[in-house]
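Right, one structure below, let's go through it.
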There are 2 protein chains.
Amino acid sequence: MAWRQQAVCRRSACGRRDHERATVDQAMPNVTRNTRQRSEVLALLREVEGFHTAQQLHQMLLARNARVGLTTVYRTLQLLVDAGDIDSTRLPGGEQLYRRCGQSKHHHHLVCRDCGRTVEVAGPAVERWADQVAAQHGFTDVGHTLEIFGTCAQCSR
Amino acid sequence: MAWRQQAVCRRSACGRRDHERATVDQAMPNVTRNTRQRSEVLALLREVEGFHTAQQLHQMLLARNARVGLTTVYRTLQLLVDAGDIDSTRLPGGEQLYRRCGQSKHHHHLVCRDCGRTVEVAGPAVERWADQVAAQHGFTDVGHTLEIFGTCAQCSR
DNA sequence: TTAAGTGCAAACTCTTTGCATGCGT
DNA sequence: ACGCATGCAAAGAGTTTGCACTTAA
């Protein structure tokens with residue numbers, strides 16, 4: 001069984017450019033062409049809060065009458081992850097989550113199991129600890145995932 | 001899209017009983033019946049080191065002429081996870097990993113992206129930090145995942 | 001005896017890919 | 001016009017489920 005080569009929780013460069021110019025013809029970084037579909041995805045990512053799956057984002061696009069194929073959503077998100085422009089993480093359920101960088105700093109997430117509400121939490125100490133532990137064991141090219149799950153106040157009542 | 005209800009990284013009770021008696025008829029905890037198949041899975045888990053996917057474990061069982069269905073492997077592993085007798089975690093690739101508890105303490109994992117080599121690391125400070133952060137935000141029933149990925153010394157040369 | 005356990009096949013979910021068509025540049 | 005981008009459909013991977021058969025207790 002192949003262990004997939006995959007960068008995990010890359011420390012996002014997140015060159016967040018002028019987020020004010022939320023026009024459709026905003027350029028997509030590191031990509032040759034700017035199409036309507038990509039602009040739609042970018043526009044959506046700029047508006048939504050927290051993490052969403054590719055499927056969720058696709059549904060939202062359809063709901064706002066933005067005709068974009070699911071395949072394109074996946075492909076665009078992958079491009080953005082590769083470019084370091086969005087964060088991606090994975091739910092214990094196995095679903096991949098994507099999110100626009102809201103902060104230039106690296107951070108982790110506190111996610112409600114029921115409603116998906118996400119709180120961003122910074123854990124600089126954890127970062128250092130993780131890198132240090134990995135280095136101690138001779139590991140290089142280190143990344144990590146840290147997600148905290150629970151039931152938020154709203155959902156638990 | 002439903003957010004799956006799933007306990008994450010449960011603090012394992014891991015009542016590790018006499019691991020010496022690696023006989024086939026060893027009892028499975030919290031389960032009514034002890035079948036040949038379950039004994040085979042348990043015996044295998046006692047012998048292998050580190051994390052393996054359900055599929056990998058199934059292949060190993062077949063290799064040792066233990067006729068066990070993949071379905072049964074999945075079901076047995078799930079039972080063991082529910083019973084707290086094995087750890088499970090999820091690879092960024094989305095594959096579920098299962099492992100016999102090697103320590104009674106809660107711990108996390110440093111995994112090589114290339115060869116899958118796993119080093120167990122304890123992070124008591126991280127535990128406390130995670131629980132505390134979640135509590136501060138009103139979250140209950142808190143669990144977390146923390147995996148560190150990198151390229152191990154062997155694979156990087 | 002009888003209910004839990006098994007295993008095959010099929011269903012399911014999420015994701016990726018092949019390929020003909022569409023559309024920036 | 002050229003070639004990347006799109007999107008449908010189909011393939012894949014991993015996991016779960018329905019259901020008839022088997023078997024431990």
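What you see below is based on every heavy atom in this structure, not just the backbone, and it leaves out hydrogens, waters and symmetry mates. Below, read A as the first sequence line, B as the second, and so on, with proteins coming before strands; counting in each chain starts at 1.
The side chain of B:Gln55 lies closest to D:dT15 when the candidates are D:dT15, C:dT6, D:dA5.
Residue side chain A:Arg33 reaches the base of D:dG3 through a donor-acceptor N/O pair under 3.5 Å, judged by distance alone.
Contact annotation: the side chain of B:Asp85 never approaches that of B:Leu42 to less than 4.5 Å [non-hydrogen atoms, C-beta and beyond]. Residues B:Trp129 and A:Val121 form a side-chain contact, since some pair of their non-hydrogen atoms from C-beta on lies under 4.5 Å apart. Using a 4.5 Å heavy-atom cutoff, the side chains of B:Phe51 and B:Gln96 are not in contact. A:Glu47 is listed as a side-chain neighbour of A:Arg64, based on a closest heavy-atom distance under 4.5 Å. The side-chain heavy atoms of B:Gln132 and B:Gln136, taken from C-beta on, include a pair separated by under 4.5 Å.
Atom-to-atom, CD of A:Gln78 to P of D:dT6 comes out at 14 Å; the value is rounded to the nearest Å. Taking atom CZ on A:Arg38 and atom P on C:dC23, their separation rounds to 15 Å, with Å as the unit. Rounded to whole Å, the distance from NE2 on A:His52 to C1' on C:dC14 is 18 Å. Rounded to whole angstrom, the span from the CG atom of A:Leu77 across to the C1' atom of D:dT6 amounts to 15 Å. Here D:dA13 presents its P atom at 16 Å from NE2 of B:His58, a figure rounded to the nearest Å. Separating the CG atom of B:Leu79 from the P atom of D:dT16 is a distance of 12 Å, rounded to the nearest angstrom.
A close approach under 4.0 Å does occur between a side-chain nitrogen or oxygen of A:Thr35 and OP1 or OP2 of D:dT6. Applying the 4.0 Å criterion to OP1 and OP2 of D:dT16, one finds that B:Tyr74 has every side-chain N and O outside that range. When the side-chain nitrogen and oxygen atoms of A:Asn34 are compared with OP1 and OP2 of C:dT25, one or more of them lie within a distance under 4.0 Å.
The line from CG of A:Leu62 to NE2 of A:His58 is 4.0 Å long, rounded to the nearest 0.5 Å. From B:Leu146, atom CG reaches atom CD of B:Glu127 across 8.0 Å, with rounding to the nearest 0.5 Å.
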With the criterion being N/O to N/O and under 3.5 Å, what pairs connect the protein with nucleotides 7-9 of chain C, and how long is each?
residue: C:dG7; atom: OP1; partner: B:Gln37; partner atom: NE2; Å: 3.1
residue: C:dG7; atom: OP1; partner: B:Arg67; partner atom: O; Å: 3.4
residue: C:dG7; atom: OP2; partner: B:Gly69; partner atom: N; Å: 2.9
residue: C:dG7; atom: OP2; partner: B:Thr72; partner atom: OG1; Å: 2.6
residue: C:dG7; atom: N7; partner: B:Arg75; partner atom: NH2; Å: 2.4
residue: C:dG7; atom: O6; partner: B:Arg75; partner atom: NH1; Å: 3.4
residue: C:dG7; atom: O6; partner: B:Arg75; partner atom: NH2; Å: 2.9
residue: C:dC8; atom: N4; partner: B:Thr71; partner atom: OG1; Å: 3.4

